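Remarks on the structure that follows.
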2 protein chains.
Amino acid sequence: MRKGVQTIPKASASELNDLLKKNQLSVTGSRKRILELFLVSEGALAHADIEKMTEEKFDRVTVYRTLQSFMEKGIIHTIPTAGNSIRYALCKQDCTEGHHHDNHVHFFCTGCQKTICLDTVTIPNVKLPEGFTPTDRQMIVSGVCEDCR
Amino acid sequence: MRKGVQTIPKASASELNDLLKKNQLSVTGSRKRILELFLVSEGALAHADIEKMTEEKFDRVTVYRTLQSFMEKGIIHTIPTAGNSIRYALCKQDCTEGHHHDNHVHFFCTGCQKTICLDTVTIPNVKLPEGFTPTDRQMIVSGVCEDCR
DNA sequence: GTAACTGCAAAATATTTGCATCCTT
DNA sequence: AAGGATGCAAATATTTTGCAGTTAC
């Protein structure tokens with residue numbers, strides 16, 4: 001059985017704690033809650049998603065600032081989208097402050113509208129025209145996920 | 001020599017005209033001007049870019065509506081970005097209303113901040129996990145373009 | 001106790017909508 | 001002439017900033 005939006009497993013308190021401390025962030029309620037959302041949801045989250053999921057408990061501004069802190073520490077990264085809503089996802093690899101290694105494919109489901117990190121699918125290399133020097137690659141595949149067939 | 005931002009070649013008036021008519025859009029000043037921007041700039045344009053390049057000649061709202069019309073007719077398409085600014089680019093292939101075939105790689109230059117369509121570079125196929133059905137692929141490579149080396 | 005985090009208010013920015021006028025066909 | 005496109009005003013929505021009160025360490 002797979003995790004759906006309904007079945008929200010809980011992340012252990014110590015796990016949240018450790019992850020925050022490891023990144024030199026003080027452990028606060030909003031940070032724990034928002035970090036937990038990332039840990040338990042397999043998909044990427046937009047600012048709006050987080051606001052909905054936290055049931056108005058936090059100030060909108062706190063969410064903005066928390067996401068920014070997580071970004072700076074390399075806990076989360078942004079995922080390119082075609083629309084104008086930034087989506088964030090947990091960095092699974094060895095992201096360090098300022099430098100991300102996020103070389104897996106992202107899948108956007110046109111059914112449930114979720115963005116899922118396909119950690120097992122590596123972005124293939126491409127040969128660029130003369131003169132272009134690549135430093136980073138992103139790939140988004142859209143379609144229908146296993147839940148929405 | 002390559003086209004820079006300075007060297008803006010002109011698109012022929014009849015070309016603009018034909019392209020608009022072919023898509024059942026009435027030929028107006030703002031549409032011609034904005035379509036020309038797409039034709040002469042090799043990169044993708046964000047709403048803000050267009051406002052800057054048109055020197056305040058058009059109302060902000062007109063730009064929004066023009067881009068929306070172009071999208072609906074399949075003249076332009078959006079390009080995924082990590083930030084919260086939608087970028088648009090001309091559809092070079094046989095895009096039809098509602099369905100786009102845009103299977104080339106996009107290059108984002110961290111130097112000049114431009115997004116360039118690499119029409120000659122096709123997005124490679126990837127093998128997805130069981131259960132995922134792909135319908136569309138997007139790939140963005142960032143790095144340094146030939147002008148910014 | 002101190003530095004950092006949060007919430008509120010407000011500013012700045014971005015996007016959408018309604019409507020009267022003007023332009024294209 | 002008719003339908004659609006534009007510009008203006010204004011309504012919404014989104015993001016950022018300042019500051020005072022609160023919390024983590």
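Values below: every heavy atom of this structure, side chains too, minus hydrogens, waters and symmetry copies. Note that the structure is predicted; figures quoted are calculated from it, not measured. In what follows, every chain begins at residue 1, and chains take the letters A, B, ... in the order their sequences are listed.
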(message) From CG of D59(B) over to P of dT15(C), roughly how many Å is that when rounded to an integer?
(response) 14 Å
(request) Write down the atom of V63(B), the atom of F58(B), and the distance for their closest heavy-atom approach. (result) CG2-CB, 4.4 Å
(request) Sugar-phosphate means primed atoms, P, OP1 and OP2; the rest is base. With that split, encode nucleotides 19-25 of chain C 5' to 3' as B, S or - using protein heavy atoms under 4.0 Å. (result) -----SS
(request) With axes from five pairs an end, tell me the bend angle of the helix from dG1(C)-dC25(D) to dT25(C)-dA1(D), nearest 10°. (result) 40°
(message) Using heavy-atom distances to pick each residue's nearest nucleotide on DNA chain D, tell me which of N84(B) and T62(B) is more 5'.
(response) T62(B)
(message) Rounded to whole Å, please give me the gap between CG in L67(B) and C1' in dT15(C).
(response) 12 Å
(request) May I ask you to decide if E51(B)'s main-chain N or O and R60(B)'s side chain share a donor-acceptor pair within less than 3.5 Å? (result) no
(request) Give the rounded distance in Å between these two atoms: CD of Q68(A) and C1' of dA4(C). (result) 15 Å
(request) For F108(A), enumerate each residue passing the ring-ring contact (aromatic ring centres under 6.0 Å, His included) test, keeping only those at least two apart in sequence or located in another chain. (result) none
(request) Work out which heavy atom in K21(B) is nearest to a heavy atom in V27(B); give both atom names and the distance. (result) CG-CG2, 4.0 Å
(message) Applying salt bridge (Lys or Arg N to Asp or Glu O under 4.0 Å) as the test, list every pair that has at least one member in residues 74-87 of chain B; sequence neighbours left out.
(response) D49(B)-R87(B)
(request) Return the set of residues passing ring-ring contact (aromatic ring centres under 6.0 Å, His included) with F107(B) (not counting sequence neighbours), or none when no residue passes. (result) F132(A)
(message) Using side-chain heavy atoms (C-beta onward) and a distance below 4.5 Å, is H104(B) in contact with H106(B)?
(response) yes
(request) Give me the first and last nucleotide of DNA chain D, going 5' to 3', that has any atom under 4.0 Å from a heavy atom of chain B. (result) dA5(D) to dT15(D)
(request) Identify whether any heavy atom of R31(A) sits under 4.0 Å from a base atom; if not, whether one sits that close to sugar-phosphate; answer base, sugar-phosphate or nothing. (result) sugar-phosphate
